[in-house]
There are 2 protein chains.
Amino acid sequence: MSAFCDDPPRPAVAADIVILCLREGALQVLLVRRGGDPFRGRWALPGGFLQEDEDLDACARREMEEETGVRPGRILQFANFSQPDRDPRGRVISVAYLALLRAEDVRLKASADAAEAAWRPLARTRNLAFDHDVILAAALARLSDEARADPAFLFPLLPPAFTLSRLQSVFELTTGRPVDKRNFRKLVEESGRIQPLEAFERGAHRPARLFAPA
Amino acid sequence: MSAFCDDPPRPAVAADIVILCLREGALQVLLVRRGGDPFRGRWALPGGFLQEDEDLDACARREMEEETGVRPGRILQFANFSQPDRDPRGRVISVAYLALLRAEDVRLKASADAAEAAWRPLARTRNLAFDHDVILAAALARLSDEARADPAFLFPLLPPAFTLSRLQSVFELTTGRPVDKRNFRKLVEESGRIQPLEAFERGAHRPARLFAPA
DNA sequence: GATGATAGTGTTGATTTTACACTTTCCACT
DNA sequence: AGTGGAAAGTGTAAAATCAACACTATCATC
């Protein structure tokens, strides 16, 4: 017997997570290949159902840790998806999250629902299961907004020490637009979000100063 | 028998709506007095459970129309509230919406759950049922952000034709900060979001030109 | 016709944003 | 050891935007 007078329908509620990293010079998204119907064999965003004793943020964090072994720094809830027919199994409300992390920190694991988990370059990511194409697109739009508002949002994609050129290239990847080197450096250096280190990255060229999040 | 392998918990999902209007020179929020337990007799935000055949936006619109008789123009989904213990009756996920409208358009109706519905000035609004104080505060913060980003967001609070002084006073109410008259007018007039009318509001003083949304 | 109250109107300085090009430093190669 | 290639690093000027600021105009009322 329900405690509610009008006995509301009770959808399942899931957190679906757009987990992005930087690999092979591009943004890649963590996808799982579905092991069961519906959409068997198709790629989907990782996610899982909200459990009794957790709120949505905790659910997203738990799912993410199950999937990647990584405890994420910040996760960003960015939209709900609630079309009645978005899941053929029945009513599922999806709360979408965005998380950024470093591919090197991740040991991919298959899980209950996922036959396989893999990083996929964004460019070749189409025809995901359910409405996950739409969720992914919304995540990327949000990522771009956040990066423009504060490039420090992108730090979790990078190692603890990074060069400004590297940060700039990630910024350009996420926003889709090239920016002027001097203006970008000025902006970031004056933002107080980074501190210069007495260390340099050496390569075939002039060594580049390393910076760390402030 | 569930279509899901892991038989997820099934919370109720509700849309709760912060409906604001302008009354007596202040922002007021539409509240309903709870007719049943829990929180019997306390004020709460209007809202209701997601039904089988509707998505969240449709749910919010339907609830709002039931409560006010007004079909809202834009509604803004701004946050989820999902603490496991936020409703003593059981698990309820609340999706919070913000809507603006004109008090004159509204015929308040009591509804199933609501013994009474009334506009309440924000200043005197405390100790709402559930976590609705928090939801309301989040709504006001979001309103302020939206208004600053684009004062046209506030148009639904105003009649179809309004003076710039009136728009400015609403802007100041929502953002909490006074702004310079000339700067504000310049900003709004150059935004292309309003058009001047050949009509004036007459009072005890110099007539003020009326404007309409572009 | 004087008073009171709101409408209406431009300019200036400060700040922020954008555009733009050359020198430095290291490695690798010869 | 000298040269060439490649990315690192650096400053300035013009443009656009934002912020501050005070007086005149017009109506209603008395």
Side-chain angles (χ1 to χ4, degrees), chain A residues 22 24-26 144-154 158-159 161-212, chain B residues 22 24-26 144-154 158-212 214:
Chain A
L22 212 51
E24 298 158 8
S144 175
D145 289 347
E146 294 287 335
R148 265 195 295 260
D150 182 3
F153 188 78
L154 302 173
L158 295 171
F162 49 83
T163 68
L164 290 187
S165 294
R166 191 131 188 76
L167 179 60
Q168 179 175 348
S169 86
V170 179
F171 182 86
E172 290 173 335
L173 280 174
T174 58
T175 63
R177 293 198 187 150
V179 293
D180 178 81
K181 180 161 56 158
R182 280 166 293 188
N183 293 341
F184 182 77
R185 295 166 93 93
K186 206 185 314 171
L187 184 75
V188 174
E189 287 181 295
E190 287 169 1
S191 73
R193 309 300 300 266
I194 59 172
Q195 50 182 327
L197 303 177
E198 286 306 322
F200 295 83
E201 184 177 85
R202 314 179 67 82
H205 314 295
R206 175 172 175 175
R209 179 176 293 275
L210 290 167
F211 291 80
Chain B
L22 212 51
E24 298 159 7
S144 176
D145 289 347
E146 295 287 335
R148 265 194 296 259
D150 182 3
F153 188 78
L154 302 173
L158 295 170
F162 50 83
T163 67
L164 290 186
S165 293
R166 191 130 188 79
L167 180 61
Q168 179 175 349
S169 87
V170 178
F171 182 86
E172 290 173 334
L173 280 174
T174 58
T175 62
R177 291 196 189 153
V179 292
D180 178 81
K181 180 163 53 160
R182 280 165 292 188
N183 292 341
F184 182 76
R185 295 167 93 94
K186 207 183 315 172
L187 184 74
V188 174
E189 287 181 294
E190 287 169 2
S191 73
R193 309 299 300 266
I194 58 172
Q195 49 181 327
L197 303 178
E198 287 307 324
F200 295 83
E201 185 178 85
R202 314 180 68 81
H205 315 294
R206 176 173 175 175
R209 181 176 292 275
L210 291 167
F211 292 80

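Numbers restart at 1 for each chain; the letters A, B, ... are given by sequence-line order, proteins then strands.
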- Query: Going by number, which of residues 184-196 of chain B have a non-hydrogen atom under 4.0 Å from DNA chain C?
  - Reply: R185(B), K186(B)
- Do side-chain atoms of Q168(A) reach the backbone of V179(A) as a donor and acceptor pair under 3.5 angstrom? yes
- Note on the structure: Between N183(B) and T163(B), the residue closer to the 5' end of DNA chain C by nearest nucleotide is T163(B)
- So, E198(B) and R209(B), do they make that salt bridge, N to O below 4.0 Å? yes
- Message: With a strict under 4.0 Å distance from non-hydrogen atoms of chain B, what nucleotide opens and what nucleotide closes the contacted stretch of DNA chain C, reading 5' to 3'?
- Response: dG4(C) to dT11(C)
- Item | 5' priority, DNA chain C, between A204(A) and A208(B) [closest heavy atom] | A208(B)
- Protein-nucleotide distance (L197(A), atom CG; dA8(D), atom P), rounded to Å: 16 Å
- Query: Using the benzene-type ring in the case of Trp, are the ring centres of F211(A) and F162(A) under 6.0 Å apart?
  - Reply: no
- In residues 169-182 of chain B, what residues come within less than 4.0 Å of DNA chain C, judged by heavy atoms? K181(B), R182(B)
- Query: Do the side chains of F171(B) and L154(B) get nearer than 4.5 Å, heavy atoms only?
  - Reply: yes
- Message: From CZ of R206(B) over to P of dC23(D), roughly how many Å is that when rounded to an integer?
- Response: 17 Å
- Message: Are L173(A) and L22(A) packed together at the side-chain level, in the sense that at least one heavy-atom pair is separated by less than 4.5 angstrom?
- Response: yes
- Task: Would you please confirm or rule out a distance under 4.0 Å between OP1 or OP2 of dA7(D) and any side-chain N or O of S165(A)?
- Result: no
